[in-house]
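See structure below.
In the text below, chain A, chain B and the rest are named by the order of the sequence lines, each starting its count at 1.
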Protein chains: 2
Amino acid sequence: MSSTDAATIPAPVDDLRAWQSVLAHVEAQLLDGTLSPGDHLPPERTLASDLGVGRSSVREAVRVLEAMGLIRTQTGSGPNAGAIIVATPQGAMSALLRLQVAAQGFRVRDVVKTRLVLEAAVVADVADSASPDLEQSERLLDAMDSPELTPQEFLALDAAFHVSLAAASGNEVVTAMMAGLRSSIEGYVQAGLAVIDDWEATAERLREEHRGILGAIAAGDALTARARVHSHITGYYTQTALVAEAPPTPETTAVVAAPTGTGHIALSRRTAEQ
Amino acid sequence: MSSTDAATIPAPVDDLRAWQSVLAHVEAQLLDGTLSPGDHLPPERTLASDLGVGRSSVREAVRVLEAMGLIRTQTGSGPNAGAIIVATPQGAMSALLRLQVAAQGFRVRDVVKTRLVLEAAVVADVADSASPDLEQSERLLDAMDSPELTPQEFLALDAAFHVSLAAASGNEVVTAMMAGLRSSIEGYVQAGLAVIDDWEATAERLREEHRGILGAIAAGDALTARARVHSHITGYYTQTALVAEAPPTPETTAVVAAPTGTGHIALSRRTAEQ
DNA sequence: AGCGGTACTGTGGTCAGACCACAGAGAGGC
DNA sequence: GCCTCTCTGTGGTCTGACCACAGTACCGCT
């Protein structure tokens, strides 16, 4: 009509935004096997010229891929530089859930309920398995016996313990979800510390409950393991009355965005060696 | 030494990348309530100058937020333009799981097992609830009775039905995860069609199973609902032998990246009206 | 005075070019 | 032969520019 020049049609070949076309391109290559874990993405400049978009658009797509835990970027030169397909979902899942909780897309209550469902299934699954690998979980429990730990350190090990159970089940989807669910309510868990009168008693109770859970798993008693996990999780949240509460003090969380996810994995390993 | 100029230290105030600092800034504002759903993010240029970064870095962070389902961007002017906090997790969860499956970060077997766990818990939860809202689920089943449907349409309604059960539980976390899990294996489900001899018979069996699940829920029989869901889901995957199989034909999926997530929600609504 | 259209303005979307930091690779000197 | 030094390719960032778009405000006409 009057707005456009009406002479040159810019040929809208697809209704995708430029960066989305890059994302679709990469996803298609992942699906047909052109790209596999360990492979390098083409250099940004090459990708840009190949797809006929600007480098900034490529970078936006790369950024999304990085945030989704699909690639790892590294500056410099050599085999380790560039964007490499890694597919480490944990950090991405954590970031997604954490941001959604922050933006009130998810309620803490629902997060806890979901965690309950997943973890109960996990321990039952592990208990039923023939030869579960509980070494990591046991090491974490041993580490938690130290009386030197601050409540924050204790809770970090606690979180790692629960994730290690999921890892023992061998289900990476559940493991990633568990890690994400836990980290998304990290701030609320920490805030719950404030309302605990006798921390040492609480910690001791948690230690015993953990041992009880692991014991039931090792004994192959899935039902008991389920029940103990259920009461363990609901116990803490009932005690601290977190569910359906106001947000925690903002300063305690949101320190790092950490979308690559390697941080969380490294944390789990590191805490295990304490 | 020899590499750097060793005279000017560029003052590494934080080890975050520029776009990560933007992300952290937004997340902090989400947590302390400065930003809430419905609010507008500051304009990109303003955000850039306020945080002392380039606009491209702001855009990368915005892109991640959009991919995570936190914001919706709109060109133009007026109250609907700009970046608005929306917190719609479903599309983001779907994209994340789908990409991870594509990049072999998640095994299809684990996705199915996770779906099994979540959905069994969901139906038990809904069955135990006092007055479940199953209207949407029933409408979907009615729609699936139509003999006109192509297998693809049938499966789309099927997926919507399962998600609607999660929605009936009121747990948005599980709902988003269910939607994501399903969409991540969409290609494999479609590929399973190829090995089904008598599709009409299969469809009829699925219809009966769906009615059976919904009936058990309506009757408040959580245990039966659980068992029926379990056999329903394992049935299809056993029949099509999808689990632990090779990737599906690449062309059937990966059409759109669709990180905003509104597409999936719209799809659910749209299919319900068929 | 009322109405319609037009120009303006602010927003995201995209591109191009430039520069830096970085890390490996290879050439050069000892 | 070993060490050092430059060279090259990569991601990271910034700047500036332009476009498309959708309200908003203004202006002219009736």
Side-chain angles (χ1 to χ4, degrees), chain A residues 1-23 39-67 71-86 259-260, chain B residues 1-23 39-67 71-86 259-260:
Chain A
M1 304 295 282
S2 62
S3 61
T4 59
D5 290 347
T8 61
I9 300 176
V13 283
D14 48 4
D15 56 346
L16 290 176
R17 304 227 205 80
W19 65 271
Q20 287 180 316
S21 70
V22 178
L23 208 51
D39 289 349
H40 282 67
L41 231 55
E44 295 175 355
R45 294 162 177 86
T46 305
L47 212 44
S49 66
D50 284 357
L51 298 179
V53 299
R55 190 185 161 206
S56 49
S57 297
V58 172
R59 282 185 65 67
E60 292 181 16
V62 166
R63 201 56 58 226
V64 170
L65 289 172
E66 185 176 349
I71 62 174
R72 170 178 64 82
T73 60
Q74 179 89 17
T75 62
S77 158
N80 288 332
I84 305 178
I85 316 270
V86 290
T260 57
Chain B
M1 305 292 283
S2 63
S3 61
T4 59
D5 290 348
T8 62
I9 301 177
V13 284
D14 48 5
D15 55 346
L16 290 175
R17 304 231 190 72
W19 65 272
Q20 287 180 315
S21 70
V22 179
L23 209 51
D39 290 348
H40 281 67
L41 231 54
E44 294 174 356
R45 293 162 177 87
T46 306
L47 212 45
S49 66
D50 284 357
L51 298 180
V53 300
R55 192 187 160 205
S56 49
S57 297
V58 172
R59 281 183 70 51
E60 291 181 16
V62 166
R63 201 57 57 229
V64 170
L65 289 172
E66 185 177 348
I71 63 175
R72 168 179 64 81
T73 60
Q74 178 89 18
T75 62
S77 160
N80 287 333
I84 304 177
I85 316 269
V86 290
T260 58

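The nucleotide whose nearest atom lies closest to any side-chain atom of Arg17(B) is, among dT11(C), dT13(D), dT24(D), dT13(D). Between dT11(C), dG10(C), dG11(D), one nucleotide has an atom nearer to the side chain of Pro43(B) than all others, and that is dT11(C).
The OG1 atom of Thr73(A) sits 8.0 Å away from atom CZ of Arg59(A), with the distance rounded to the nearest 0.5 Å. Note that OG of Ser57(A) and CD of Glu44(A) are 11.5 Å apart. Values are rounded to the nearest 0.5 Å. Interatomic distance, CZ of Arg72(B) versus CG of Leu65(B), reported as 14.5 Å (0.5 Å rounding). Atom CH2 in Trp19(A) sits 5.0 Å away from atom CD in Glu66(B) (nearest 0.5 Å).
The stretch residues 52-61 of chain A touches DNA chain C through Gly52(A), Val53(A), Gly54(A), Arg55(A), Ser56(A), Ser57(A), each having a heavy atom within less than 4.0 Å of the strand.
Asn80(B) has its CG atom 14 Å from the C1' atom of dT24(D), to the nearest Å. As rounded to whole Å, 12 Å separates atom C1' of dG23(D) from atom CD of Gln74(B). Regarding Asp50(B), its CG atom lies at a distance of 17 Å from the C1' atom of dC14(D), rounded to whole Å. For the pair Trp19(A) CH2 and dG13(C) C1', the interatomic distance rounds to 12 Å; values are reported in whole Å. Rounded to a whole Å, the CG atom of Leu47(B) is 18 Å from the P atom of dG10(C). Note: CG (Leu65(B)) to C1' (dG12(C)) measures 15 Å, nearest angstrom. Per the geometry, CD belonging to Gln20(B) stands 17 Å off P belonging to dG11(D), to the nearest Å. Between Glu44(B) atom CD and dT15(D) atom P the separation is 15 Å, expressed in whole Å.
The base of dG11(D) is not paired with the side chain of Arg63(A) by any donor and acceptor separated by under 3.5 Å.
At its two ends the helix from dA1(C)-dT30(D) to dC30(C)-dG1(D) runs along axes set 30° apart, each axis drawn from five pairs and the angle rounded to 10°.
Nearest heavy atoms, Ala81(A) versus Thr75(A): CB-O, 3.8 Å. Pairing each heavy atom of Ile71(A) with each of Ala83(A), the nearest pair is CD1-CB, 4.1 Å. Nearest heavy atoms, Ile84(A) versus Pro79(A): CD1-O, 3.9 Å.
Under a 4.0 Å N-O distance rule, the pair Arg63(B)/Glu60(B) does not qualify as a salt bridge.
Here Ala18(A) lies in heavy-atom contact (under 4.0 Å) with sugar-phosphate atoms only. Nucleic acid contact class of Gly76(B) (heavy atoms, under 4.0 Å, all strands): base.
OP1 or OP2 of dG12(D) lies within a sub-4.0 Å distance of a side-chain N or O belonging to Thr73(A).
Side-chain contact between Ser21(B) and Val53(B) is present, with heavy atoms from C-beta onward closer than 4.5 Å.
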